[in-house]
Amino acid sequence: MNKVFLVGRLSSDPISRTTGTGKEVVSITLAVNDNRNKDESFFFPCVAWTTSANFINTYLKKGDMVAVDGRLTKRSYVNKEGKTTYITEIMVDTINSLVKNKSNDDSGILKKYDKHITEKIENEEQEEDFANIIHNVNGGNN
């Protein structure tokens with residue numbers, strides 16, 4: 001299964017372009033903190049098409065916190081020196097804004113996505129709390 005789920009911040013403003021066939025495509029870079037080393041971050045190149053690209057262009061900017069659901073892809077091209085360059089990037093299936101501010105509180109779509117992500121995070125926290133309770137009930141032997 002090829003599935004990626006990341007929460008991080010846009011490290012720069014989205015870069016938008018339109019293909020020759022008129023499809024909208026956006027490139028972003030997602031900065032994700034390393035849970036083990038708080039001083040380190042990972043930067044993931046991401047590509048979004050059509051609806052997701054439109055959403056990014058309309059609502060997101062550098063520094064915004066987002067949740068990305070997608071898959072890993074790789075591609076290659078020949079650079080100016082004639083060498084083949086390989087790129088691994090995340091193909092965005094869905095992207096959700098985790099920004100709460102006045103400008104997007106009026107958007108029903110953002111409220112829906114934010115509610116979904118908030119519920120998912122709360123469920124994960126509840127599962128962790130439950131696991132800790134079971135661990136404590138078992139005398140810490142699990």
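- For the side-chain contact (heavy atoms from CB on, under 4.5 Å) test, residues two or more places apart in sequence or in another chain that qualify with Y77 are R75, N79, T85, I87.
- Inter-residue side-chain proximity for L30 and R9 is flagged as unmet; no heavy-atom pair is nearer than 4.5 Å.
- Across K62 and D13, no two heavy atoms sit closer than the pair N-OD1, 2.8 Å.
- The shortest side-chain heavy-atom distance between V4 and V68 does not fall under the 4.5 Å cut-off.
- Here the side chain of S52 pairs no donor or acceptor atom with the backbone of A48 at under 3.5 angstrom.
- Residue K74 places its NZ atom among 12 or fewer non-hydrogen atoms of other residues, nucleotides or ligands, all under 6.0 Å distant.
- Looking at L60 and V66, their side chains come closer than 4.5 Å, going by heavy atoms from C-beta outward.
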Next on the checklist: Evaluate E24 against S16 for side chain to side chain contact (heavy atoms under 4.5 Å, CB included), listing each step before the verdict.
Outcome noted: CA-CA 7 Å; E24 187 175 14; S16 178; 3.9 Å; yes
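- Contact check for L72 versus T88: side-chain heavy atoms found under the 4.5 Å cut-off.
- Using a 4.5 Å heavy-atom cutoff, the side chains of I28 and I56 are in contact.
- Without hydrogens or angle criteria, T19 side chain to K23 main chain gives a donor-acceptor distance under 3.5 Å.
- In this structure S41 satisfies the side-chain contact (heavy atoms from CB on, under 4.5 Å) test together with N33, F43, sequence neighbours excluded.
- Without hydrogens or angle criteria, D64 side chain to K61 main chain gives a donor-acceptor distance under 3.5 Å.
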